[in-house]
Amino acid sequence: MDPDFLNVFTQPAALDEFLSENVIAQGEKKKLIKPTSSNNPKLEELKLLLIDWINTTLKEEHIVVKSLEEDLYDGLVLHHLLENLGSLKLDVDKIALTEKKQRQKLSVILDAVAKCLQLEESQLKWSVESILRKDLLSTVHLLVAIAKHFQPDLAMPPNVQVETITIENTSRGLKTASAVECITENKGNLEAQSKDDAFDELFSRAPDKLDAVKQVFLQFVNQHVGKLGLNVKDIESQFSDGVILLLLIGQLEGYFLNLRDFFLTPDSTTEMLHNVNLALDLLTDGGLLNFSVNSEDIVNGDMKTTMRILYCLYSKYKTKET
């Protein structure tokens with residue numbers, strides 16, 4: 001068993017309780033909120049706000065939600081919520097009593113959400129199975145996405161983050177990886193950033209100059225990681241696993257990165273997120289990052305986000321080089 005797995009729990013008894021409540025079959029992988037993060041005050045504030053929002057929205061239908069985990073898994077509340085907010089008529093029964101019917105109902109509902117929010121499958125932070133098994137992380141992500149789309153003025157607490165653990169039951173035992181996951185954005189920083197963002201201007205008004213900017217960044221990056229025998233040709237794909245970014249930060253900031261602290265050859269999204277989150281922490285600690293970044297955007301190859309991160313380093317070290 002991965003020894004880091006034990007460190008997730010504050011008391012030995014918590015491990016047995018956790019495994020008894022979360023059966024993980026051979027070959028299965030689950031991402032969950034760490035027990036030590038489940039009482040996060042900001043997370044509790046967000047949960048209470050979402051419960052109040054649902055109850056206010058469905059007041060005339062006499063639906064009362066008391067627990068996000070226990071009251072949403074069967075699809076009944078989600079069904080009413082979507083029909084009320086989006087005037088969507090879903091071709092499913094209001095009440096699904098069996099697990100098979102609930103799974104079918106959730107499939108229709110979540111497909112409707114994805115189409116309405118124009119989300120690709122890779123962007124979804126929930127699934128039929130995770131909602132059905134009362135997974136809090138998936139349920140909160142789903143509700144936040146619905147609220148942002150249908151009621152963008154809802155005052156959700158900003159910068160809600162939780163520590164997560166991904167557990168995989170492999171033939172060699174339980175393999176785990178920890179990460180920090182953003183649930184809501186830091187609105188203050190995002191608003192300040194959006195007022196005057198050169199990359200928004202570049203992508204929307206001067207796309208013809210985009211390649212030239214990429215080349216400047218590539219030259220800057222290769223000047224430093226080239227000393228390690230590396231060569232970067234594509235910003236979008238080669239930074240998504242966090243490895244090049246960590247090595248670049250190490251070269252520029254003079255960090256010695258212990259190979260035990262990150263995944264040199266990540267083979268899963270969780271390991272990639274771990275690397276990117278570590279890089280963002282190093283940038284923040286070094287005073288180079290003064291705006292909110294969703295690490296998943298970098299892992300998903302979002303060009304604009306990756307270029308913003310690179311600019312943080314470029315703007316500091318280009319002056320020193322010249």
Side-chain angles (χ1 to χ4, degrees), residues 1-9 14-15 18-19 21-38 40 43 119-142 144-145 160-185 236-247 249 257-284 292-302 305-306 309:
M1 179 182 290
D2 185 343
D4 290 341
F5 183 68
L6 298 174
N7 297 331
V8 174
F9 302 88
L15 176 58
F18 180 82
L19 290 176
E21 294 177 355
N22 297 276
V23 178
I24 302 176
Q26 181 76 37
E28 187 179 8
K29 180 188 295 185
K30 287 184 181 179
K31 180 166 69 172
L32 306 151
I33 297 175
K34 285 185 180 181
T36 52
S37 189
S38 59
N40 180 327
L43 177 62
L119 296 174
E120 300 292 336
E121 187 175 351
S122 61
Q123 297 174 291
L124 301 179
K125 299 177 181 179
W126 55 83
S127 66
V128 170
E129 295 303 322
S130 64
I131 299 296
L132 192 60
R133 70 171 181 257
K134 306 178 184 181
D135 179 75
L136 177 61
L137 182 63
S138 296
T139 303
V140 171
H141 271 310
L142 173 61
V144 167
V160 177
Q161 298 181 336
V162 293
E163 293 180 315
T164 64
I165 180 168
T166 299
I167 309 172
E168 184 177 5
N169 192 349
T170 69
S171 58
R172 307 177 77 177
L174 292 175
K175 179 182 178 182
T176 70
S178 299
V180 175
E181 187 156 332
C182 297
I183 298 178
T184 64
E185 299 165 331
E236 190 171 7
S237 64
Q238 288 186 265
F239 282 92
S240 63
D241 63 7
V243 176
I244 297 292
L245 184 56
L246 281 170
L247 296 176
I249 294 171
L257 294 170
N258 195 312
L259 291 177
R260 291 178 295 181
D261 293 337
F262 70 103
F263 299 95
L264 189 60
T265 56
D267 59 6
S268 69
T269 300
T270 301
E271 293 180 356
M272 293 163 69
L273 281 169
H274 171 87
N275 286 351
V276 172
N277 280 316
L278 175 58
L280 296 179
D281 287 343
L282 292 175
L283 289 173
T284 302
S292 178
V293 177
N294 188 340
S295 55
E296 293 184 359
D297 288 341
I298 296 177
V299 172
N300 290 332
D302 183 79
T305 302
T306 304
I309 296 300

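Residue numbers start at 1 and run along the sequence shown.
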Which distance, rounded to the nearest 0.5 Å, do you find between the [atom1] of [X] and the [atom2] of [Y]?
X      : Y      : atom1 : atom2 : answer
His274 : Ser295 : NE2   : OG    : 11.5 Å
Leu257 : Leu282 : CG    : CG    : 6.5 Å
Leu43  : Ile183 : CG    : CD1   : 5.5 Å
Leu245 : Ile249 : CG    : CD1   : 4.0 Å
Leu124 : Leu142 : CG    : CG    : 9.5 Å
Asn277 : Met272 : CG    : CE    : 12.0 Å

Where do [X] and [Y] come nearest, in terms of heavy atoms and distance?
X      : Y      : result
Pro266 : Val243 : CD-CG2, 3.7 Å
Ala145 : Trp126 : CB-CH2, 3.7 Å
Ser237 : Ser240 : O-OG, 2.9 Å

Do Lys134 and Thr139 pass the side-chain contact (heavy atoms from CB on, under 4.5 Å) test, and can you show the C-alpha distance, the side-chain angles, and the key distance before you say yes or no? CA-CA 7 Å; Lys134 306 178 184 181; Thr139 303; over 6 Å; no

Please list all pairs meeting salt bridge (Lys or Arg N to Asp or Glu O under 4.0 Å) that have one or both residues in residues 271-280, counting only residues at least two apart or in different chains.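 Every pair satisfying salt bridge (Lys or Arg N to Asp or Glu O under 4.0 Å) with a residue in residues 271-280: Lys175-Glu271.
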
Is it the case that the side chain of Asn40 and the backbone of Gln161 share a donor-acceptor pair, with hydrogens and angles ignored and the cut-off at 3.5 Å?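 Confirmed, Asn40 side chain pairs with Gln161 backbone.
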
What I'd like to find out is whether the side chain of Thr265 reaches to under 4.5 Å of the side chain of Asp241, using heavy atoms alone.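 Heavy-atom side-chain distance check fails, nothing below 4.5 Å.
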
Salt-bridge present (Glu181, Lys125; N to O < 4.0 Å):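 A salt bridge is absent here (no side-chain N lies under 4.0 Å from a carboxylate O).
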
Could you check Thr305, Asn300, Thr306 and say which one makes a side-chain hydrogen bond (donor to acceptor under 3.5 Å, both in side chains) with Asp302?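 Between Asp302 and the candidates, side-chain hydrogen bond (donor to acceptor under 3.5 Å, both in side chains) is satisfied uniquely by Thr305.
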
So Asn275 and Val299, side-chain contact (heavy atoms from CB on, under 4.5 Å) or not? Walk me through it. CA-CA 10 Å; Asn275 286 351; Val299 172; over 6 Å; no

